[in-house]
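As the structure lists them, so they are numbered: ligands from 1, and atoms in each ligand from 1.
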Amino acid sequence: DELLRLQDVHKVYGRSRNAVAALAGVSVGFRRHTFTAVMGPSGSGKSTFLHCAALLDRPTSGSVFLEGQDLTAMNERALTKLRRNRIGFVFQNFNLLPALNVVDNVTLPLRLAGRRPDRRLVNEVIERTGLASRRKHRPGELSGGQQQRVAIARALVTRPVLLFGDEPTGALDTQTALEILGLLREAVDGGEQTAVIVTHDPVAASHADRVVFLVDGQVSAELERPSAEQVA
Ligand code: ADP
Ligand code: ADP
């Protein structure tokens with residue numbers, strides 16, 4: 001059961017002599033309730049891939065299908081609405097609002113989506129991510145791992161079908177990274193999310209169900225259930 005598919009996606013930055021083909025014909029599908037890591041050397045197109053998959057950026061050509069619907073055919077307004085309701089994002093540097101406490105950071109996406117903030121739902125996701133004793137703390141009063149937990153809670157609060165991560169363990173030590181990977185795994189195995197992360201981290205990649213390798217804007221290889229050695 002395929003949730004997301006990129007079909008022959010090309011992304012070219014710039015024009016004529018300055019043109020850079022960041023993605024050069026990427027076709028890849030993502031089954032529901034799977035956890036995929038995208039790896040590749042610097043400049044191979046990983047960020048561009050993530051931005052196109054999440055429709056933060058439009059491909060130059062090709063299609064991105066979510067549940068069979070071609071997102072590249074949608075207007076900006078419809079896309080923004082879809083992103084706010086169906087997609088969650090986690091970043092390397094957490095991207096939390098420093099003036100807001102944990103509850104308010106986690107509640108924000110519901111407000112942005114125009115939904116009535118449901119206290120029960122917010123509390124449930126805060127507890128699930130292990131932040132129950134940190135509700136009133138601001139990001140500056142939390143460790144990196146705790147801040148990433150807040151970011152995951154914030155990404156999950158709208159109950160998105162897709163959870164994207166851009167180096168979500170990149171700023172964390174190994175032990176903390178493992179805890180964060182455990183939360184991503186729970187989101188996938190718990191039933192609701194399909195996760196796609198870009199990572200350089202072999203530990204993170206070895207926790208994925210599948211690793212997709214990009215080289216020069218193309219899929220060069222795929223591995224199912226990779227071992228740590230295979231992704232190092
Ligand atoms: P990665 O995330 O794997 O490092 P990127 O997707 O960031 O790769 O970049 C892929 C290629 O596209 C690189 O050659 C990069 O320099 C180029 N690129 C990325 N974004 C832009 C942009 N906004 N304008 C011009 N070139 C870009
Ligand atoms: P990352 O480690 O996330 O791959 P990058 O250095 O590739 O970081 O890119 C950081 C940001 O700069 C991205 O939004 C990317 O699109 C943009 N970018 C990358 N390369 C270029 C470039 N050559 N020209 C303009 N923007 C670029």
- prompt: So is there a nitrogen or oxygen of Phe49 less than 3.5 Å from a nitrogen or oxygen in ligand 1?
  reply: no
task: Please verify whether a non-hydrogen atom of Gly45 lies at under 4.0 Å from ligand 1.
output: yes
- line: Closest to atom 2 (O) of ligand 1 (heavy atoms only, candidates Ser47, Gly43, Cys52) is Ser47
- request: Between Thr48 and ligand 1, find which residue part has any heavy-atom pair under 4.0 Å and reply side chain, backbone, both or neither.
  value: both
- prompt: Are Arg119 and Glu124 close enough for a salt bridge, meaning some N to O gap below 4.0 Å?
  reply: no
query: Between Arg31 and Glu2, does at least one N-O distance fall below 4.0 Å, as a salt bridge requires?
result: no
Arg58: salt bridge (charged side-chain N to carboxylate O under 4.0 Å, His left out) partners, not counting sequence neighbours: Glu76
message: Has Asn105 got a side-chain atom pairing as donor or acceptor with Leu97's backbone, closer than 3.5 angstrom?
response: yes
- request: Sort and list the pairs that fulfil side-chain hydrogen bond (donor to acceptor under 3.5 Å, both in side chains) and have at least one residue in residues 169-186, not counting sequence neighbours.
  value: Arg149-Glu179, Thr169-Asp201, Asp173-Thr176, Arg185-Asp189, Arg185-Asp209
query: Going by the order shown, which atoms of ligand 1 are within less than 4.0 Å of some heavy atom of Lys46?
result: 1 (P), 2 (O), 3 (O), 4 (O), 6 (O), 8 (O)
task: Could you establish whether Pro41 and ligand 1 come within less than 4.0 Å of each other, counting only heavy atoms on the residue side?
output: yes
- request: State if Gly40 counts as touching ligand 1 under the rule of any non-hydrogen atom under 4.0 Å.
  value: no
- prompt: Hey, which atoms in ligand 1 end up nearer than 4.0 Å to a heavy atom of Val20?
  reply: 12 (O), 14 (O), 17 (C)
task: Might you confirm whether atom CG of Asp70 has over 12 heavy atoms from other residues, nucleotides or ligands at distances under 6.0 Å?
output: yes
